[in-house]
Structures are given as C-alpha cells and as structure tokens.
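Here the structure is laid out as structure tokens; the discussion comes afterwards.
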Amino acid sequence: MNAIEEAVAALEGEASATEASAAAHHGYTGNKDAYLRRLKRIEGQVRGIARMVDEDKYCIDILTQVAAVTKALHAVSLGLVEEHIGHCVVGAASEPDPEARAEAIDAKVKEAADAIGRLLR
C-alpha cells in the first residue's frame with residue numbers, strides 16, 4: 001500500500017468514526033451551550049417572578065414577566081423542534097434500506113408532530 005492509499009484508508013476510517021459519533025448525538029448538540037445559557041437566563045427570570053410574588057408586587061407586572069418567560073420557553077422549544085427536524089428526520093431519510101427509511105421517517109415526523117401538539121396545548 002502506497003502513501004496515497006494509506007491516507008485514503010485513514011480518511012475513510014475517520015469518516016466512519018465521525019458518522020458513528022454524529023449518530024450518537026442529538027440535533028441540538030452543536031448549540032447545547034447556547035441552549036443552556038438561554039435556559040439559565042429563563043431560570044433567573046422565574047426566580048425573579050417568585051421574588052415578585054413574595055414581595056407582593058402588582059399582579060399585572062408579574063403577569064408581564066410570566067409572559068416573557070413563556071415566550072422565551074417557546075423560542076427554546078421551537079429551536080429544539082427545528083433541530084429535531086434538521087437532524088433526526090433528515091437522518092432518518094438517509095437510511096439506506098427503503099423499508100426501514102420509511103418507518104424511521106414516519107416515527108421521527110410523528111415525534112415532531114406530537115411535540116408540536118404538546119407545545120400548542
């Protein structure tokens with residue numbers, strides 16, 4: 001085996017390892033830090049709302065903060081749905097076996113639809 005063949009074989013091995021590790025990750029993994037930062041900010045907002053209730057603040061001011069937290073959580077939720085579709089559904093569509101691909105796509109789309117349904121309740 002010459003140097004070029006060895007390099008090609010090494011790259012193919014790396015590609016297989018990368019594909020295997022990518023399959024083990026969730027769609028949001030690349031943005032995990034951003035999601036965690038947003039959730040920590042939301043957590044702080046919720047603590048602020050609890051403090052407002054404890055301090056007997058005006059109800060409309062509390063409701064305004066609740067609406068802000070709700071909107072922030074919806075933004076996180078929509079981002080996760082988008083990540084699911086872009087990673088999990090698309091990943092299912094790349095299944096080589098046509099029968100398994102159809103089942104995998106159906107399952108991932110149903111998961112997304114169910115999640116969206118829960119968000120709309």
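In this chain, numbering begins with 1 at the start of the sequence shown.
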> To which residues is Ile62 joined in a hydrophobic cluster, defined by side-chain heavy-atom contacts under 4.5 Å among Ile, Leu, Val, Met, Phe, Trp and Tyr, whether direct or through other members?
Replying inline: Tyr28, Tyr35, Leu39, Ile42, Val46, Ile49, Met52, Val53, Val66, Val69, Leu73, Val76, Leu80
>> Same cluster or not: Leu120 versus Val81, using hydrophobic residues (I, L, V, M, F, W, Y) connected whenever any side-chain heavy atoms lie under 4.5 Å apart?
In response: yes
> Between His84 and Lys108, is there a donor-acceptor pair closer than 3.5 Å when you use the side chain of the first and the backbone of the second?
Replying inline: yes
> Is it true that atom CD of Glu99 has more than 12 heavy atoms of other residues, nucleotides or ligands lying nearer than 6.0 Å?
Replying inline: no
> Going through the checks in order, is the side chain to side chain contact (heavy atoms under 4.5 Å, CB included) test met by Ile85 and Val109?
Replying inline: CA-CA 8 Å; Ile85 291 168; Val109 169; over 6 Å; no
> How many angstroms lie between atom NZ of Lys57 and atom CZ of Arg51, to the nearest 0.5 angstrom?
Replying inline: 10.0 Å
>> To the nearest 0.5 Å, what is the distance between CD on Glu43 and CG on Leu36?
In response: 10.5 Å
> What do you reckon, is CD of Glu82 surrounded by more than 12 foreign heavy atoms closer than 6.0 Å?
Replying inline: no
> CD1 of Ile105 to SG of Cys88: how many Å apart, nearest 0.5 Å?
Replying inline: 12.5 Å
> To the nearest 0.5 Å, what is the distance between CG (Leu78) and CD (Glu83)?
Replying inline: 12.0 Å
> Salt bridge check: are Asp97 and Arg101 linked by an N-O gap of less than 4.0 Å?
Replying inline: no
>> With salt bridge (Lys or Arg N to Asp or Glu O under 4.0 Å) as the criterion, how do Asp114 and Arg118 come out once you've worked through the C-alpha distance, each side chain's angles and the decisive distance to 0.1 Å?
In response: CA-CA 6 Å; Asp114 291 346; Arg118 287 190 298 273; 5.1 Å; no
